[in-house]
Each structure stands twice: as structure tokens, then as C-alpha cells.
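See below for the structure under consideration.
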Amino acid sequence: MNDYTEAECKTHGAQRAAYVCQHLNAPVEDTKGRGFIAVRDEQGCINAWCNTCEEYLVANGDAWNDKTEAFASIRLLCESCAMERANANGIPEVT
């Protein structure tokens, strides 16, 4: 059994879960740069948000709460899908 949450992906199969804002959930093919701010949680899962969400977060107390989380509207992806979005935004690796 894994020590992390898994996400079942149609493309990549069972992968470590990643949580991204609604703006990063857009298809990678649209090539729109959104920025990619990311941390790994205590399970090693990627938690990522875009520049728009970062600006909103800072403007609203620089803390995740019901208001900022509602704005970000976090979505579940697999880690490989999240890394595709990171790469599309010029981030080669999330440590």
C-alpha cells in the first residue's frame, strides 16, 4: 500500500495524486502560460496554483482558506498530468 493518495488517470494509469487550481486544469495544448507555483504536501503530492490564484491569495491575506480555495477551485490530477502543466509553464521539476 502506498503512503500517498493515488489518482486514476485515463492517460497515465494509477499515479500519485496532484492538486491544481482550475486555471492549470486547462488543456496543455492551448499553450497559454499561466505560471506554476507548487509545493509538495506531507504525502509528497504536488499542490499547484497559477499566477492569477497567487495574486488573489496574496490580496486576500496570503493564506489558504474557504474564500481563496473557492477562487482556486482545486482539481485532482495525476502527477504526470500536473508535470505536463508544469513543463508547459517552464518548470522542469517540482521538488
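Note that these values count all heavy atoms, side chains included, but never hydrogens, waters or copies made by symmetry. Because the structure is a prediction, the values reported are computed rather than measured.
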For residues 86-95, which side-chain N or O atoms pair as donor and acceptor with protein atoms under 3.5 Å away, sequence neighbours left out?
residue, atom, partner, partner atom, Å
Asn87, ND2, Met83, O, 3.3
Asn87, ND2, Ile91, O, 2.8
Asn89, OD1, Arg34, N, 2.7
Asn89, OD1, Gly35, N, 2.9
Asn89, ND2, Arg85, O, 2.9

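- In this structure a side-chain-to-backbone donor-acceptor pair under 3.5 Å is present from Asn47 to Cys45.
- Counting only residues at least two apart or on different chains, the salt bridge (Lys or Arg N to Asp or Glu O under 4.0 Å) pairs with a member in residues 7-21 are Arg16-Glu79.
- Follow the hydrophobic side-chain contacts under 4.5 Å out from Leu76 and you reach Ile74 in the same cluster.
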For this session: For Cys81 and Cys9, run side-chain contact (heavy atoms from CB on, under 4.5 Å): C-alpha distance rounded to whole Å, both residues' side-chain angles, the deciding distance at 0.1 Å, then the answer.
Result: CA-CA 8 Å; Cys81 284; Cys9 178; 3.7 Å; yes
Which pairs would a plain distance check flag for residues 51-62, meaning a side-chain donor or acceptor within less than 3.5 Å of a matching protein atom at least two apart in sequence or in another chain?
residue, atom, partner, partner atom, Å
Glu54, OE1, Trp49, NE1, 2.7
Asn60, OD1, Lys67, NZ, 3.0
Asn60, ND2, Tyr56, O, 2.8

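- The two atoms that bring Ala82 and Ile46 nearest to each other are CB-CD1, 4.3 Å, heavy atoms only.
- Atom NE2 of residue His12 and atom OG of residue Ser80 lie 4.5 Å apart, to the nearest 0.5 angstrom.
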